[in-house]
Amino acid sequence: MDEEMVRERDARAYEAVHDAADFTELKRRYKNFVVPWTIAFMAWYLAYVACNNWARGFMSYKVVGHVNVALIFGLLQFVSTFVIAALYGRFANRKLDPLAHGLNAKYKRERRR
């Protein structure tokens with residue numbers, strides 16, 4: 001099989017997947033999860049940075065011993081990152097992967113044609 005025929009076959013396979021309703025649904029589901037969680041995380045992060053710059057009295061308030069609000073907020077940044085990652089993994093396994101597996105199978109079928 002010459003290289004041009006392989007390119008045409010691959011292009012047809014990609015177009016078939018791209019035109020599938022499942023692909024549109026996959027993109028919609030992905031965006032509906034990622035965009036709100038990205039905005040929420042960025043707002044939380046910017047609030048942390050803003051408080052460190054302009055609310056020093058609040059952030060330096062000692063909670064227990066030498067542990068202050070700034071340290072707790074900083075650690076919560078890590079916690080929130082891992083929580084969002086875990087939520088995304090669970091979401092992807094339940095809502096994205098079934099569609100992606102179907103699209104992958106469709107791609108492989110189209111490539112064999």
Side-chain angles (χ1 to χ4, degrees):
M1 207 181 282
D2 79 354
E3 198 171 312
E4 185 62 31
M5 288 176 60
V6 170
R7 275 197 212 119
E8 287 177 23
R9 183 191 65 202
D10 288 348
R12 278 194 318 269
Y14 281 120
E15 286 174 18
V17 169
H18 181 269
D19 295 341
D22 281 353
F23 184 69
T24 303
E25 179 64 16
L26 180 69
K27 290 190 310 182
R28 186 192 67 76
R29 288 180 186 182
Y30 176 78
K31 280 193 268 186
N32 284 345
F33 182 90
V34 169
V35 171
W37 279 105
T38 301
I39 292 168
F41 181 80
M42 290 305 296
W44 160 236
Y45 176 74
L46 292 174
Y48 170 65
V49 171
C51 286
N52 275 318
N53 281 319
W54 295 292
R56 291 177 188 229
F58 170 68
M59 295 300 271
S60 65
Y61 178 79
K62 293 198 186 296
V63 177
V64 175
H66 293 291
V67 177
N68 61 14
V69 172
L71 179 61
I72 292 171
F73 274 27
L75 292 173
L76 286 175
Q77 290 291 314
F78 289 103
V79 171
S80 63
T81 300
F82 289 112
V83 167
I84 292 169
L87 290 172
Y88 176 75
R90 188 170 162 225
F91 172 79
N93 286 334
R94 285 187 5 246
K95 301 288 184 178
L96 302 181
D97 288 352
L99 288 173
H101 291 306
L103 289 167
N104 188 40
K106 180 180 183 80
Y107 171 76
K108 287 178 180 177
R109 279 192 311 273
E110 290 294 328
R111 278 201 76 215
R112 284 194 295 263
R113 293 172 97 201

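In what follows, every heavy atom counts, from backbone to side chain, and hydrogens, waters and symmetry copies are set aside. These figures come from a predicted structure and were not determined experimentally.
Remark: Arg28 CZ to Lys95 NZ distance equals 9.5 Å, nearest 0.5 Å. How far CZ of Phe91 is from CZ of Phe33: 6.5 Å, rounded to the nearest 0.5 Å. Rounded to the nearest 0.5 angstrom, Leu96 CG and Glu25 CD are separated by 9.5 Å.
In this structure, Asn104 contributes its side chain and Ala100 its backbone to no donor-acceptor pair below 3.5 Å.
By the ring-ring contact (aromatic ring centres under 6.0 Å, His included) test, Phe23 pairs with His18, sequence neighbours left out. By the salt bridge (Lys or Arg N to Asp or Glu O under 4.0 Å) test, Arg12 pairs with no residue at all, sequence neighbours left out.
When all heavy atoms of Arg111 and Ala13 are compared, the pair lying nearest together is CG-CB, 3.6 Å. For the pair Leu71 and Asn68, the tightest heavy-atom approach, listed with the atom from each and the gap, is N-OD1, 2.9 Å.
Taking a 6.0 Å sphere around CZ of Arg94, one finds it holds more than 12 heavy atoms contributed by other residues, nucleotides or ligands.
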Donor-acceptor contacts, no H, no angles, side chain residues 77-85, under 3.5 Å, sequence neighbours left out:
{"residue": "Ser80", "atom": "OG", "partner": "Trp44", "partner atom": "NE1", "Å": "3.2"}
{"residue": "Ser80", "atom": "OG", "partner": "Leu76", "partner atom": "O", "Å": "3.1"}
{"residue": "Ser80", "atom": "OG", "partner": "Gln77", "partner atom": "O", "Å": "2.9"}
{"residue": "Thr81", "atom": "OG1", "partner": "Gln77", "partner atom": "O", "Å": "2.9"}

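The aromatic rings of Tyr30 and Tyr88 stand perpendicular to each other, their planes meeting at an angle above 60°, with 30° marking the opposite boundary. Between Tyr45 and Phe41, the ring-plane angle classifies as parallel under the 30° and 60° cut-offs. Ring geometry for Tyr14 versus Tyr107: interplanar angle of 30 to 60°, hence tilted.
Partner Arg7 forms a side-chain contact (heavy atoms from CB on, under 4.5 Å) with one of Arg9, Glu4, Met5 and no other, that one being Glu4.
Considering only heavy atoms from C-beta on, Val49 comes within 4.5 Å of Asn53 through its side chain. Proximity of Arg29 to Leu99: side-chain heavy atoms (C-beta onward) are separated by under 4.5 Å at one or more points.
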